[in-house]
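Presented below is the structure to which this report refers.
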Amino acid sequence: MSAQHDQSQAAARFGAAIGGSCPSAPWKASIVAELAEVVRNEAVNAEYRHLVVNCSEEAAAAQPGQFFQLLCPQPAGEQPFLRRPMSLYGADPDKRQVEFLYKVTGAGTRGLDTLKPGDRLDIMGPLGVGFTLDPGWRHIVAVGRGAGLATLAPLARAAKANGTQVTAVFSARRPELLVSVELFHRHGADVIAVTDSEATSGPANVERILRRHIAEGRCDAFFTCGSSRLMRVQQRLAREFGLPGQVAMEQQMACGIGLCYCCVRDFNVNGEIVNRRVCWDGPVFNLMEALP
Amino acid sequence: MSAQHDQSQAAARFGAAIGGSCPSAPWKASIVAELAEVVRNEAVNAEYRHLVVNCSEEAAAAQPGQFFQLLCPQPAGEQPFLRRPMSLYGADPDKRQVEFLYKVTGAGTRGLDTLKPGDRLDIMGPLGVGFTLDPGWRHIVAVGRGAGLATLAPLARAAKANGTQVTAVFSARRPELLVSVELFHRHGADVIAVTDSEATSGPANVERILRRHIAEGRCDAFFTCGSSRLMRVQQRLAREFGLPGQVAMEQQMACGIGLCYCCVRDFNVNGEIVNRRVCWDGPVFNLMEALP
Amino acid sequence: MNAAVNSGIRAVTHVDLSVAIGGLTLRNPVMPASGTFAEGLEKVMDFNRLGAFVTKTITRELRAGNPLPRVVERPGGLINAIGIPSRGVPYFVETTMPHYAAYDTPLVVSISAPTAEGFASLAAELSIPGIAAIEANISCPNIEEDGKAFAMRAESTEKVTRELRKATRLPLWVKLTPNTGDVPEVARAAEAAGADAVVVANTILSMAIDLKTFKPCLGNIMGGLSGPAIKPIVLRQVFQCAKAVKIPVIGCGGISTAEDAIEYMLAGASAVQVGTATFLQPAAMTTIIDGLEAFCLRREIPRVADLIHGVVIEEADEPDLAWLDPVS
Amino acid sequence: MNAAVNSGIRAVTHVDLSVAIGGLTLRNPVMPASGTFAEGLEKVMDFNRLGAFVTKTITRELRAGNPLPRVVERPGGLINAIGIPSRGVPYFVETTMPHYAAYDTPLVVSISAPTAEGFASLAAELSIPGIAAIEANISCPNIEEDGKAFAMRAESTEKVTRELRKATRLPLWVKLTPNTGDVPEVARAAEAAGADAVVVANTILSMAIDLKTFKPCLGNIMGGLSGPAIKPIVLRQVFQCAKAVKIPVIGCGGISTAEDAIEYMLAGASAVQVGTATFLQPAAMTTIIDGLEAFCLRREIPRVADLIHGVVIEEADEPDLAWLDPVS
Ligand SMILES: Cc1cc2nc3c(=O)[nH]c(=O)nc-3n(C[C@H](O)[C@H](O)[C@H](O)COP(=O)(O)OP(=O)(O)OC[C@H]3O[C@@H](n4cnc5c(N)ncnc54)[C@H](O)[C@@H]3O)c2cc1C
Ligand SMILES: Cc1cc2nc3c(=O)[nH]c(=O)nc-3n(C[C@H](O)[C@H](O)[C@H](O)COP(=O)(O)OP(=O)(O)OC[C@H]3O[C@@H](n4cnc5c(N)ncnc54)[C@H](O)[C@@H]3O)c2cc1C
Ligand SMILES: Cc1cc2nc3c(=O)[nH]c(=O)nc-3n(C[C@H](O)[C@H](O)[C@H](O)COP(=O)(O)O)c2cc1C
Ligand SMILES: Cc1cc2nc3c(=O)[nH]c(=O)nc-3n(C[C@H](O)[C@H](O)[C@H](O)COP(=O)(O)O)c2cc1C
Ligand code: FES
Ligand code: FES
């Protein structure tokens with residue numbers, strides 16, 4: 001942010017202060033809203049769609065845990081007004097592409113579902129504070145459910161680049177609804193799938209799995225998204241074993257960039273309840289400070 | 001309208017009066033709003049597009065001079081709210097099709113321009129009072145300009161069926177902007193084109209042409225649409241020679257079916273100024289009563 | 001959720017759509033809004049399906065209405081300054097009324113006048129067989145200077161309603177304006193003076209300017225906004241009024257679908273009027289009636305009247321975070 | 001058309017975008033609306049291009065804001081009941097202000113308080129170097145019970161403005177509510193009591209109900225509507241206020257494009273505030289500035305200030321039928 005400051009002060013000195021008449025000022029945007037071009041938009045299972053778009057350099061610089069605000073097309077008979085937040089599912093700075101994995105739930109995602117290759121989609125980002133990987137971590141555990149799997153996905157690649165081994169504990173209603181298992185395997189991660197239909201997704205079983213990893217020295221940190229029940233399990237274990245952790249939170253958003261205060265949640269910061277904007281202070285927060 | 005009454009009274013007697021719970025009442029709509037299927041939507045010249053849709057029996061029963069209210073698709077970045085009135089350009093009750101000829105001028109017609117074969121278009125009609133052909137007329141003269149040519153077009157076919165010969169005097173800025181000349185020729189009509197670029201479209205020249213037709217006994221009635229200047233010429237001649245005439249008027253419309261009184265115009269009915277709704281009392285009016 | 005909704009009946013196979021509005025029982029709660037309805041619609045829908053007819057506002061004197069253009073569209077709505085072109089009372093009684101007499105649907109006549117006395121004498125004159133109720137349009141924003149109307153203030157509303165009440169024994173509906181700071185106070189004034197129902201509300205005073213000519217888009221300079229754009233505003237006013245008065249509130253503003261009508265009924269409306277939606281979908285009213293019935297069947301609500309004021313207000317002293325975790 | 005537009009200069013090659021707002025000269029008439037702006041936007045646009053900064057409303061005391069959910073969308077608009085979460089004055093002075101000090105753009109601070117005295121002492125406390133003007137948000141519909149606010153009545157507006165005027169020598173802008181019957185009267189009261197400008201207006205009190213749960217969509221039950229849906233309504237209020245007062249009127253309500261801003265300026269606004277549009281297009285403000293300049297160049301208008309109150313009102317005693325005949 002201080003870099004921003006310097007740039008803007010420079011702009012002021014070099015004449016942008018004269019006003020609207022100098023659009024060629026040296027200031028440069030790091031968050032952009034742009035008309036990206038749809039490359040792919042396909043179902044990966046009964047619930048999720050995989051969307052790939054060509055975008056700007058700024059957008060393709062998105063980091064794991066960051067998100068975009070998508071201006072969804074209007075599906076027939078509906079008029080979603082606000083943008084919709086979607087986690088980065090993948091970014092390729094070379095190809096200048098970003099990817100999303102979304103579940104069709106309401107008007108906005110129904111609109112996304114109408115996109116065809118070649119169509120334009122107005123994306124705004126990258127937004128928010130993403131995950132942090134400590135270079136010292138040798139093994140991390142990522143626990144996700146639902147759309148949380150999409151949010152955790154770019155961690156697999158980043159961890160590999162960091163030389164960190166990943167175990168992913170993925171929870172879903174049924175095995176066929178699991179997503180991004182391939183992606184984790186491709187990046188050398190272990191994936192443990194737990195499901196409601198197989199009665200393996202209960203907190204007790206997940207706790208057993210996590211304790212085993214901790215005992216085997218394969219859990220230097222927790223990463224989680226998508227289930228407050230599973231988050232509570234990790235908070236308990238993190239406290240018990242003094243482990244760090246990060247959680248990506250969701251909240252309804254209007255602006256996505258810290259202006260409107262509609263996305264606030266309470267956090268417990270050293271015993272004090274603090275109000276934070278999920279879009280601006282997060283969406284990734286210290287696991288121990290998150291409240292369910 | 002009295003037939004309507006009878007039907008509705010019948011409906012009342014046979015139980016529809018019980019209310020919402022009897023949708024199978026014997027009452028039947030004669031004006032419908034329906035999702036018609038686009039068959040063709042092509043440019044005929046630099047300004048006009050020809051639109052053909054498959055529709056219901058009721059819509060395909062439209063008569064020359066009647067019109068439809070089209071719920072235009074939203075072109076990018078614009079939100080036309082109201083329906084747009086368009087004259088019937090052609091109707092085929094056998095094929096269950098209606099045709100329109102429209103000029104792209106604003107948000108609504110830009111939306112129409114986006115339609116592709118197979119798309120759906122919400123059309124409402126047929127609306128208003130159309131042209132009347134007296135079986136005794138042997139030769140009529142139709143004078144049109146601009147979109148008025150679209151409105152007059154279905155007369156050519158109806159006149160042929162009535163055994164009436166037609167001379168069409170068509171006015172345009174340039175020869176290549178004339179439309180439906182072919183259509184009139186196909187139905188055996190004479191077409192006299194006058195244009196601004198050839199300096200033949202002035203009122204004096206048109207008057208000369210009309211006077212010749214009257215002198216030759218080839219003008220039992222005037223039909224006109226699209227130019228108040230040309231309308232005034234015909235009113236003068238009609239008065240001088242005691243000829244009947246009909247004019248199709250335009251006016252901005254909201255409802256198109258006589259509810260809102262936004263489309264009123266003044267008419268001179270035997271010296272008295274009378275206010276009429278173009279959509280309901282017209283759009284075709286007695287030539288002698290119209291005010292420019 | 002609330003008693004009316006889970007009324008103990010297992011499977012609802014028939015829905016009672018009728019509602020009681022100040023002395024009248026309507027077969028269903030859906031009727032046209034004044035000024036957006038005329039005989040032309042009988043070619044589109046079976047008039048015997050409507051809850052009531054509501055006429056365009058009539059005045060005693062002959063009136064021309066406003067200069068053209070009389071409407072301009074905006075995203076989500078329509079601004080109109082039609083004014084009240086009126087052919088006067090004799091024309092209405094001799095020509096318009098017989099037309100509606102053919103149907104088994106109550107005829108509500110909307111009236112307007114420049115003075116309280118004018119309102120009263122017009123109401124008296126129209127208290128004749130064939131008219132089921134009088135709707136006093138004391139809120140039309142176009143006829144009084146700069147958009148002012150009786151319904152802008154509680155006092156003038158009380159006065160005109162009192163005069164009207166003395167003049168007629170017909171059910172008296174008073175149509176309010178949304179262009180005032182305290183609609184529930186005005187509604188209370190109408191109730192106190194004897195109104196049988198209030199209609200909430202007329203159009204919201206608005207403006208549009210043409211960037212080509214720099215002139216106002218309407219001949220009358222200002223006009224009233226209607227359509228979906230105003231729905232959240234008028235819905236709030238209906239909610240406030242329904243808390244403030246015991247007489248029925250008839251909701252009117254941007255209702256296009258059965259969902260809109262249900263939202264209004266939950267907020268406190270006993271019936272609804274449909275205006276601008278008819279310009280876009282001429283059969284909107286019957287579609288809404290069908291949708292109301294289908295909704296009640298699906299949700300097992302035996303009487304549509306059970307929806308009235310059914311909104312569930314919970315005391316929330318801390319943020320409700322329940323919806324935050326849809327996936328676990 | 002009007003003098004300002006055809007001012008005799010043949011080819012305009014440079015547009016003067018500056019406008020004077022009660023003691024301040026802004027480099028252009030475009031600024032954010034309170035509550036829709038924060039430091040996050042500096043990643044999107046060059047802050048030195050804005051006409052001014054306007055902060056989220058601050059209060060003296062620490063406030064939590066309203067229960068969630070705080071926003072709900074509707075076609076063409078947003079209903080919000082954020083409330084005024086505030087970290088108090090010291091946090092503002094120590095943390096927020098230095099942030100904006102880095103730019104050559106005047107900082108307008110929006111304040112609110114439950115009493116006139118509270119307003120005055122807050123204004124006094126904030127009359128410090130680095131603050132260019134005070135915007136008194138006397139219109140926020142969420143903090144007072146049932147949506148009431150100072151700006152609902154001329155008397156309370158006059159009182160609070162008078163206290164504020166005594167408390168500060170900074171330019172004083174008073175932000176009005178659209179939720180009252182006579183906005184120009186309230187504007188006149190603010191002017192009489194010494195306001196340097198009025199901002200017209202805040203959000204329009206609204207409601208939405210969830211048909212699944214029958215509960216209000218907002219934790220606060222009611223909230224304020226903003227966005228394109230309200231533009232025709234607030235534009236009308238700006239037009240009425242600009243006729244009623246001599247001090248500048250700052251237009252605010254549904255402005256998303258340069259065309260919207262021009263329409264407001266023609267209606268009488270000297271500057272405009274952009275709120276909800278920024279949520280959809282974060283660079284909306286700079287796009288509008290570019291569009292204003294381009295429009296003036298195209299229409300040969302040398303100063304954007306020439307647009308102010310440029311609407312052309314013609315006496316039309318009979319229907320204007322001129323537009324009827326576009327083809328001959
Ligand atoms: C930071 C962040 C990242 C997200 N990443 C993903 C992702 O990668 N994949 C994915 O499938 N979903 C993700 N979600 C959830 C996604 O934003 C919602 O499913 C989506 O907004 C629903 O919009 P809709 O119009 O389809 O549904 P509607 O129910 O019609 O939406 C109505 C309103 O509620 C909001 N809303 C509804 N559900 C949610 C939710 N779960 N979280 C936040 N707001 C919600 C919408 O944004 C909108 O404002 C993410 C949410 C957040 C906050
Ligand atoms: C009975 C009738 C029949 C018509 N038949 C035809 C036809 O066959 N072919 C054709 O090309 N045009 C015809 N028109 C004109 C056509 O309706 C308008 O060109 C069209 O509405 C313009 O809409 P827009 O959104 O493209 O333009 P915009 O300028 O964006 O429209 C803005 C508003 O003005 C109204 N409007 C604009 N121009 C006219 C106009 N000339 N007449 C009435 N309202 C207008 C629109 O309906 C809309 O409400 C007819 C008009 C009427 C009244
Ligand atoms: C074209 C038009 C004409 C209207 N004329 C009248 C009228 O004569 N009397 C009246 O009380 N309301 C009149 N209204 C207001 C409507 O009855 C209704 O209150 C308003 O349009 C809001 O409802 P809506 O959004 O469903 O249209 C008119 C509205 C429109 C759009
Ligand atoms: C999320 C949100 C928060 C707002 N907070 C404030 C506020 O703190 N103080 C204030 O005076 N107005 C506030 N407003 C009102 C805006 O400043 C503005 O008056 C209103 O939104 C209309 O403008 P728009 O349609 O451009 O958004 C808020 C509006 C929104 C949407
Ligand atoms: S979404 Fe606006 S502050 Fe987070
Ligand atoms: S368009 Fe409504 S009466 Fe003619």
Side-chain angles (χ1 to χ4, degrees), chain A residues 1-2 4-23 25-33 58 69 71 74 78-83 107-108 122 124-128 251-266 273 275 277 279-280, chain D residues 14-15 17-18 26-28 30 32 35-51 56 64-65 68-78 80-85 99 102-105 227-229 275-276 278-284 286 288-290 292-293 304:
Chain A
M1 214 155 359
S2 67
Q4 286 295 326
H5 264 187
D6 294 341
Q7 282 177 10
S8 297
Q9 283 175 307
R13 274 196 298 277
F14 292 121
I18 306 305
S21 46
C22 186
W27 177 90
K28 201 174 165 309
S30 59
I31 295 176
V32 291
E58 291 79 9
Q69 283 268 78
L71 195 58
Q74 304 196 345
E78 294 178 300
Q79 302 181 49
F81 181 75
L82 295 170
R83 287 176 180 264
D122 188 330
M124 165 188 169
L127 299 169
Q251 180 60 291
Q252 188 199 18
M253 292 181 180
C255 71
I257 188 171
L259 317 178
C260 75
Y261 288 83
C262 88
C263 66
V264 295
R265 296 190 74 141
D266 284 338
I273 298 297
N275 211 240
R277 289 163 290 181
C279 73
W280 183 252
Chain D
H14 172 261
V15 180
L17 290 174
S18 70
L26 308 183
R27 66 165 71 92
N28 67 58
V30 181
T36 65
F37 180 75
E39 64 279 18
L41 275 187
E42 97 195 321
K43 301 198 171 186
V44 174
M45 61 176 60
D46 179 357
F47 274 7
N48 278 313
R49 295 199 61 209
L50 296 178
K56 170 87 186 162
L68 272 64
R70 290 178 170 186
V71 302
V72 58
E73 63 177 11
R74 280 295 181 256
L78 179 67
N80 91 80
I82 304 291
I84 304 194
H99 191 91
Y103 301 95
D104 184 29
T105 299
T276 305
T278 296
F279 299 174
L280 300 187
Q281 289 302 345
T286 47
I288 290 172
I289 296 165
D290 293 339
L292 273 177
E293 187 173 22
V304 77

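What you are looking at is a predicted structure, and each value in this text was computed from that prediction instead of being measured. Each chain gets a letter, A, B and so on, in the order the sequences are listed, and its residues count up from 1.
Residues passing the side-chain contact (heavy atoms from CB on, under 4.5 Å) test with D/L280 are A/L71, A/F81, sequence neighbours excluded. Considering only residues two or more places apart in sequence or on other chains, D/T105 meets the side-chain contact (heavy atoms from CB on, under 4.5 Å) condition with D/R27, D/N48, D/L50, D/F53, D/Y103.
Listed here is the closest heavy atom pair of A/C262 and D/V71: CB-CG1, 3.5 Å.
Going from atom CZ of D/F279 over to atom CG of A/L82 covers 8.5 Å, rounded to the nearest 0.5 Å. Considering CD of D/E42 and CD1 of A/I31, their distance stands at 9.5 Å, rounded to 0.5 Å. Here the straight-line distance linking atom CD of A/Q252 with atom CZ of D/R70 works out to 11.0 Å at 0.5 Å rounding.
At least one side-chain heavy atom of A/R83 sits less than 4.5 Å from a side-chain heavy atom of D/P282. Taking 4.5 Å as the limit, every side-chain heavy atom of A/C260 sits out of range of all side-chain heavy atoms of D/T36.
Looking at D/P75, both its backbone and its side chain come within 4.5 Å of chain A, counting heavy atoms on both sides. Looking at D/T278, only its side chain comes within 4.5 Å of chain A, counting heavy atoms on both sides.
Top candidate by heavy-atom pairs under 4.5 Å with chain A, chosen from D/P85, D/A283, D/G65, D/G76, is D/G76.
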